[in-house]
Every structure is written in structure tokens, then in C-alpha cells.
Trainee: 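Please see the structure below; I have some questions.
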Amino acid sequence: DTAVSQTPKYLVTQMGNDKSIKCEQNLGHDTMYWYKQDSKKFLKIMFSYNNKELIINETVPNRFSPKSPDKAHLNLHINSLELGDSAVYFCASSPTVQGTVSGYTFGSGTRLTVV
Amino acid sequence: TQLLEQSPQFLSIQEGENLTVYCNSSSVFSSLQWYRQEPGEGPVLLVTVVTGGEVKKLKRLTFQFGDARKDSSLHITAAQPGDTGLYLCAGGSGYALNFGKGTSLLVTP
């Protein structure tokens, strides 16, 4: 049983489209995250939710909108996709907001390609 | 944002060799973590170090946290092809981890 699962694994879409990536964790963790990994493998925090409440919103364009219907799910919706949005997006979770101590469990990523 | 610098960026060695990779920052961290990422997968947590000077061992991997809690190293003894991957250090004192850019390790038979 996958601990943090993301769908889809691959997403190829045209510029201007709107797309969503879904994430679910079955670990009972309180906190979930979205990270973006660029072509140079640099992982950058985008958003963090604790018990469905937004606690981190880095300088991400407002075309990106996270939604957390419950603490086990954190979805990412992207409007008006641009070429520069092409990257691998990772969902992660940690037991509490103190994930910097307990560590994160990552999903296997969604490779988004905008053409 | 607390920056983490990792070196070397790339490392290619033969099976059986030893290696050390480094993670440095000008900031003090309450804890540092090391992850390994394989192609097509997410990072997997290897270890968390929390005390300055702490040394932790995980089979052939030895992790050290600097006395001032600004840097860390990962030493691999007798590397094997299965050790191939991207090694990431991460630290944070707030609500999210900041990651270094990683060391990409290739171990050839």
C-alpha cells in the first residue's frame, strides 16, 4: 500500500490549459506539502498545509491553487499553464508541522510537460 | 531562506571506493536530514541529525553533524552500484525543509 500517492505520474499538456494533480497519504500525518523540482534537480517548497489549513505559501504565481479537502488529501490545480511550469512536482507529508525534525515521506512525483 | 550548498555536484567512482559528500550553510540548523533520490522516484529519508557533533551510522553510510550545526557530511565506505543516486541534504527551522541542490553519485561495477 503506497504511503503517499500522486496521480498522474506523467502529464503532457498544451500551454494555456488548466490541469490538476492529486495527492493522498494513508499515514495519518497532519501536514502535507507540495515541492517543485526543476531540471537541475533543485527542490523548492511551494505550499504546506496542516490539518487542511494553509501554513506556507511561497512566492508561487497565483495560477497555482492548492486545495485540501481533508488532512489526507492535498491537490494542486494549475491554471493557464506556461512552458516554465514544466517540472516534476512532489507531494510529501510529515507527522506534524515539525517535519523538519521527523522527516518527510515523498510521493513518486508527477512529471509535468507543457508544450 | 536558509541556503544549503552541497559538494561535489557530481561524483563518479568505481565499486569498492570510499567517498565523502558535504553539505554546508552559513545558517545554524536545529536539525539536518539526508535523503537519497533514485530516478523516477521521490526522495527517501536516510537520517536526521539533531545534536552538534553527532555521528550516525547506517550500514556503510556514516553521517556527521558539525559542532556548530551549520554543516554535515556523508561518508560511504566500499561503495556499491546500489548506492547510485542523488543525495540531498535538507534543513529548516521553520515549517518547511530547504533542500540543497544535491550530489549526484554514480557507482560503476
Side-chain angles (χ1 to χ4, degrees), chain A residues 2-6 8-10 21 23 25 27 29-51 53-60 66 74 87-111, chain B residues 1-11 21 23 25 27-52 54 56 58 63 65 69 72 84-106:
Chain A
T2 305
V4 179
S5 59
Q6 294 180 230
K9 175 80 173 172
Y10 300 97
I21 306 172
C23 179
Q25 55 97 1
L27 299 167
H29 288 175
D30 284 345
T31 312
M32 295 184 73
Y33 310 84
W34 278 110
Y35 276 81
K36 180 181 180 180
Q37 189 171 47
D38 62 23
S39 57
K40 296 187 177 179
K41 305 295 187 186
F42 181 52
L43 268 168
K44 187 171 167 55
I45 181 72
M46 299 175 69
F47 302 103
S48 173
Y49 271 73
N50 185 59
N51 268 319
E53 298 295 323
L54 178 68
I55 56 172
I56 290 177
N57 182 351
E58 287 295 301
T59 49
V60 177
L74 180 62
V88 182
Y89 292 83
F90 284 100
C91 177
S93 70
S94 62
T96 68
V97 290
Q98 298 300 322
T100 53
V101 177
S102 59
Y104 293 0
T105 302
F106 281 85
S108 57
T110 295
R111 181 175 292 276
Chain B
T1 302
Q2 297 166 303
L3 295 175
L4 289 153
E5 301 284 343
Q6 290 191 245
S7 61
Q9 188 177 356
F10 298 101
L11 190 54
V21 299
C23 174
S25 176
S27 303
V28 175
F29 289 96
S30 54
S31 63
L32 266 178
Q33 298 173 358
W34 286 91
Y35 291 77
R36 180 168 67 213
Q37 184 179 14
E38 298 186 15
E41 297 296 328
V44 175
L45 179 66
L46 296 173
V47 78
T48 300
V49 285
V50 295
T51 306
E54 182 177 6
K56 279 193 173 178
L58 187 66
F63 304 85
F65 200 12
R69 291 185 290 129
S72 182
T84 293
L86 179 68
Y87 288 82
L88 296 159
C89 69
S93 55
Y95 290 125
L97 284 174
N98 296 312
F99 283 81
K101 293 187 177 180
T103 292
S104 185
L105 172 65
L106 175 63

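Chain identifiers are assigned alphabetically (A, B, ...) following the order of the sequence lines, protein sequences preceding nucleic acid strands; residue numbering begins at 1 within each chain.
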Trainee: Heavy-atom cut-off 4.5 Å, strictly under: side chain, backbone, both or neither for B:Gln9 against chain A?
Mentor: neither
Trainee: Residues in side-chain contact (heavy atoms from CB on, under 4.5 Å) with B:Thr48, at least two apart?
Mentor: B:Ser31, B:Gln33, B:Leu45, B:Val50
Trainee: Where do A:Ser108 and B:Glu41 come nearest, in terms of heavy atoms and distance?
Mentor: CB-OE1, 3.6 Å
Trainee: So what's closer than 4.5 Å to chain B heavy atoms on A:Ile56: side chain, backbone, both or neither?
Mentor: side chain
Trainee: Which residues pass the side-chain hydrogen bond (donor to acceptor under 3.5 Å, both in side chains) test with B:Arg69, not counting sequence neighbours?
Mentor: none
Trainee: How about A:Lys36: does its NZ atom have over 12 heavy atoms from other parts shown lying under 6.0 Å from it?
Mentor: yes
Trainee: Is a donor on one side and an acceptor on the other found under 3.5 Å between the side chain of A:Tyr33 and the backbone of B:Leu97?
Mentor: no
Trainee: Say you draw a straight line from CD of B:Gln37 to NZ of A:Lys41; how long is it, rounded to the nearest 0.5 Å?
Mentor: 6.0 Å
Trainee: What part of B:Leu86 gets within 4.5 angstrom of chain A, counting heavy atoms only: side chain, backbone, both, or neither?
Mentor: side chain
Trainee: Supply the atom-to-atom distance B:Leu88 CG to A:Phe42 CZ, rounded to the nearest 0.5 angstrom.
Mentor: 10.0 Å
Trainee: Please classify the contact between A:Tyr35 and chain B as side chain, backbone, both or neither, with a heavy-atom cut-off of under 4.5 Å.
Mentor: side chain
Trainee: Would you mind telling me which of A:Gln37, A:Lys9, A:Lys40 has the largest number of heavy-atom pairs within less than 4.5 Å of chain B?
Mentor: A:Gln37
Trainee: Chain B heavy atoms under 4.5 Å from A:Ser102: which part of the residue, side chain, backbone, both or neither?
Mentor: backbone
Trainee: Among the options B:Pro43, B:Gly102, B:Gly100, B:Ala90, pick out the one with the most heavy-atom pairs lying under 4.5 Å from chain A.
Mentor: B:Pro43
Trainee: If I measure from the heavy atoms of chain A, does B:Leu32 come under 4.5 Å with its side chain, its backbone, both, or neither?
Mentor: neither
